[in-house]
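Everything below concerns the one structure shown next.
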Amino acid sequence: MLDIRLIREQSDDVKSRLASRGSDLSAEVDAILACDAERRRSETELQQLQADRKRLSKEIGGLRAKGQDSSAIEAEVKSFGDRMDALNRAATELDEKQRTLLLNIPNLPSPTTPVGADAAANPVLREWGAKPALVRTEDHVAIGGRLGLFNFELAAKISGSGFVVYTGAGARLERSLINFLVDLHTIEHGYREILPPFVVRSESLVGTAQLPKFADQQYRCADDELYLAPTAEVPVTNLERDELKALSDLPIKYAAYTPCFRREAGSAGLGTRGLIRMHQFDKVELVKITTPEDSDAELETLTANAERVLQLLGLHYRVIELCTGDIGFGSQKTYDIEVWAPGQQAYLEVSSCSNFGDYQARRMNLRHKDAEGKNRFCHTLNGSGTALARLYVALLESGLQPDGSVLLPEPLHRYFGSDRIG
RNA sequence: GGAAGGGUGGCAGAGUGGUCGAAUGCGCACGCCUGGAAAGCGUGUGUGGGGAAACUCACCGCGGGUUCGAAUCCCGCCCCUUCCGCCA
């Protein structure tokens, strides 16, 4: 949520920065400004009447205490009633309207975010490693089918399309990866491990900005008004909702494994590319709560922590920065990490590391005391460390041996219990 | 599913119709004390809206009602806790 004061005082700047995302939101901003002006007018008049009423009511109290007649003043106060009711109703309504409008405005891109229309304009910041020279190249779906690692047909039988069931060594590999990733981030990178509920209230989704705008992407349990979390970002960041942190509490660093549930409504090609896009996938997420001063630097280390995963696994990857036209709704700056998948001849996004500034913190009322004892909104960040399914794809396709088996990177051996599959 | 209790400031917790934005304690900040610290003592310390400011208004889970006046009384809703039932 943007600061209404910023919108009020620098509306042109806000409009142009929003426009850099690719769609003109001037009309929405103007609607907010109009609503804000009207709201304040109602509130000011209401407050004037409230002040009068308060003063007169005290006089009544005084008169009654002395046993004197107060009926004239009582009548006067009573005459405020209708006007105050109307103003109160208007103010409440306008307040709600304004909040709704604000919740639907995306975050302002950081001044450092490259300007561009779409993904084609995302600059590549760096590459690590090199594409492996393979004797044999095979798609992960073929590898997994041949080695019995997972099965889409079985998953469809029990859950429909867009799901997978991992089987045998395939299931063990997924479980090994979860442990490897959580251990890495908690033991080596100092994040605190969280295992949250996978089901969340709507307020939590509002807090991290999946709602109200992206309701159609969420799995919803209608009878209970609960949602399946689309990412651990939601339950984990919301752990700190409505909190007032001391400076010494920050930064907070959480790492959490969860499955992620996404309807992927309108996504082309769901279910046609194996493990790459599914309704449910596993992910280890990194979340940071920090100060405005530190958040830029924390994004760099967060990204480095995610990159470390691929470095340890010896997988070739590149880091790109999302441009203004491609950046997520709540983010002000985002780095994507893309791993090379030889069987796809493509880079796959395995991590998206974002600095949300105070955008989410405003929505969830997450504040901290600064050095002067003043309350300020925190900055929130998160990034995948990393998504499992695509990492799994890259591992199978990169580790493929001439004999059809898959050689695993050394750090996984002790988790998986073997150096290869098949 | 049934029953009961409860939602007040950073936290704990008083407060059943008017000077209550709210006792007290803890925490925190500053000061005194100390070689330094602890303890002790003193002072201060909620959030948000409007306003250039003085100041003013709102906020005791949320919404409505009663009343000249509501943290306090009434109604509805949300949430939490405990017990019973069912169940991993």
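Reckoned from all heavy atoms, side chains included, excluding hydrogens, waters and symmetry mates. Proteins get letters first, then strands, A, B, ... in listed order; numbering begins at 1 in each.
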Taking side-chain contact (heavy atoms from CB on, under 4.5 Å) as the test, write out the residues that go with Val115(A), two or more places apart. Thr324(A)

Polar pairs (N or O, both sides) under 3.5 Å between protein and nucleotides 50-55 of chain B?
residue, atom, partner, partner atom, Å
G50(B), OP1, Arg8(A), NH1, 3.1
G50(B), OP1, Arg8(A), NH2, 2.8
G50(B), O2', Thr44(A), OG1, 3.4

Measure CG/Asp52(A) against C1'/C68(B) and give the value in whole Å, please. 14 Å

Please give, in whole Å, the distance from G27(B) P to Asp249(A) CG? 16 Å

With the criterion being N/O to N/O and under 3.5 Å, what pairs connect the protein with nucleotides 8-13 of chain B, and how long is each?
none

Rounded to the nearest 0.5 Å, how far apart are OH of Tyr415(A) and CD1 of Ile178(A)? 12.5 Å

Identify, with sequence neighbours excluded, every residue that meets side-chain contact (heavy atoms from CB on, under 4.5 Å) alongside Ile73(A). Leu56(A), Glu59(A), Ile60(A), Leu63(A), Val77(A)

Secondary-structure string, 5' to 3', Watson-Crick or G-U under 3.5 Å, | for another-strand partners, for RNA chain B: ((((((((.[[[..)..(.....]]]((((((.......))))))(((((....))))).[[[[[..)....]]]]])))))))....

By the side chain to side chain donor-acceptor pair (under 3.5 Å) test, which pairs, at least two apart or in different chains, include something from residues 24-35 of chain A? Lys15(A)-Asp30(A), Asp24(A)-Ser26(A)

With side chain to side chain donor-acceptor pair (under 3.5 Å) as the criterion, how do Glu240(A) and Tyr254(A) come out once you've worked through the C-alpha distance, each side chain's angles and the decisive distance to 0.1 Å? CA-CA 11 Å; Glu240(A) 305 299 338; Tyr254(A) 290 138; 2.6 Å; yes

In chain order, what residues pass the side-chain contact (heavy atoms from CB on, under 4.5 Å) check against Ala90(A), with sequence neighbours excluded? Ser42(A)

In whole angstroms, the gap separating C1' of U67(B) from CG of Leu56(A) amounts to 15 Å

Integer-rounded Å distance: A58(B) C1' and Arg53(A) CZ: 11 Å

Please state the P separation for the pair U47(B) and G10(B) - nearest whole angstrom. 7 Å

The ring-ring contact (aromatic ring centres under 6.0 Å, His included) partners of Tyr317(A) (sequence neighbours excluded) come to Trp128(A)

Just to be sure I understand the geometry, which residues of residues 85-96 of chain A put a non-hydrogen atom under 4.0 Å away from RNA chain B? none

P gap between C86(B) and G2(B), integer Å: 15 Å

Mutual orientation of the aromatic rings belonging to Phe329(A) and Phe214(A) [parallel < 30°, tilted 30-60°, perpendicular > 60°]: perpendicular

Any idea how Tyr166(A) and Tyr392(A) line up, ring-wise: parallel (<30°), tilted (30 to 60°), or perpendicular (>60°)? tilted

Result for side-chain contact (heavy atoms from CB on, under 4.5 Å) between Thr208(A) and one of Val234(A), Val287(A), Val236(A) points to Val234(A)

If you count every heavy atom of other residues, nucleotides or ligands that lies below 6.0 Å from Arg420(A) atom CZ, does the total exceed 12? yes

Inter-nucleotide C1' distance (C28(B), A12(B)), Å rounded: 15 Å

With rounding to whole Å, what would you report as the distance between U72(B) and A58(B) at their P atoms? 14 Å

Checking side-chain polar atoms at under 3.5 Å, does Gln344(A) have a donor or acceptor matched by the opposite partner on Asp139(A)? yes

Rounding to an integer number of angstrom, what distance separates C80(B) and G61(B) when you compare their C1' atoms? 10 Å

For A37(B) versus A22(B), give the span between their P atoms, rounded off to a whole number of Å. 35 Å

When the P atoms of G25(B) and G6(B) are considered, how many whole Å apart are they? 26 Å

Starting from the C-alpha separation in whole Å, work towards a yes-or-no answer on side chain to side chain donor-acceptor pair (under 3.5 Å) for Lys288(A) and Asn382(A). CA-CA 6 Å; Lys288(A) 285 185 179 181; Asn382(A) 66 59; over 6 Å; no

What is the distance, rounded to the nearest whole Å, between atom CD of Gln50(A) and atom P of G18(B)? 20 Å

Under 3.5 Å, which N/O atoms of the protein pair with N/O atoms of nucleotides 76-80 of chain B?
residue, atom, partner, partner atom, Å
C79(B), O3', Arg201(A), NH2, 2.4
C80(B), OP1, Arg201(A), NH2, 2.6

Using a strict threshold of under 4.0 Å (side-chain N to carboxylate O), is an ion pair present between Arg376(A) and Glu293(A)? yes

Sequence neighbours excluded, which residues qualify as side chain to side chain donor-acceptor pair (under 3.5 Å) partners of Asp242(A)? Asn365(A)

Over 60° means perpendicular and under 30° means parallel, so tell me whether His189(A) and His185(A) are parallel, tilted or perpendicular. tilted

Without decimals, in angstroms, what is the distance between Leu49(A) CG and U56(B) P? 17 Å

Of Gln48(A) and Lys374(A), whose closest RNA chain B nucleotide lies nearer the 5' terminus? Lys374(A)

In whole Å, what separates the P atom of C57(B) from that of G44(B)? 23 Å

Does Glu300(A) have any side-chain contact (heavy atoms from CB on, under 4.5 Å) partners at least two apart in sequence or in another chain, and if so, which? Tyr335(A)

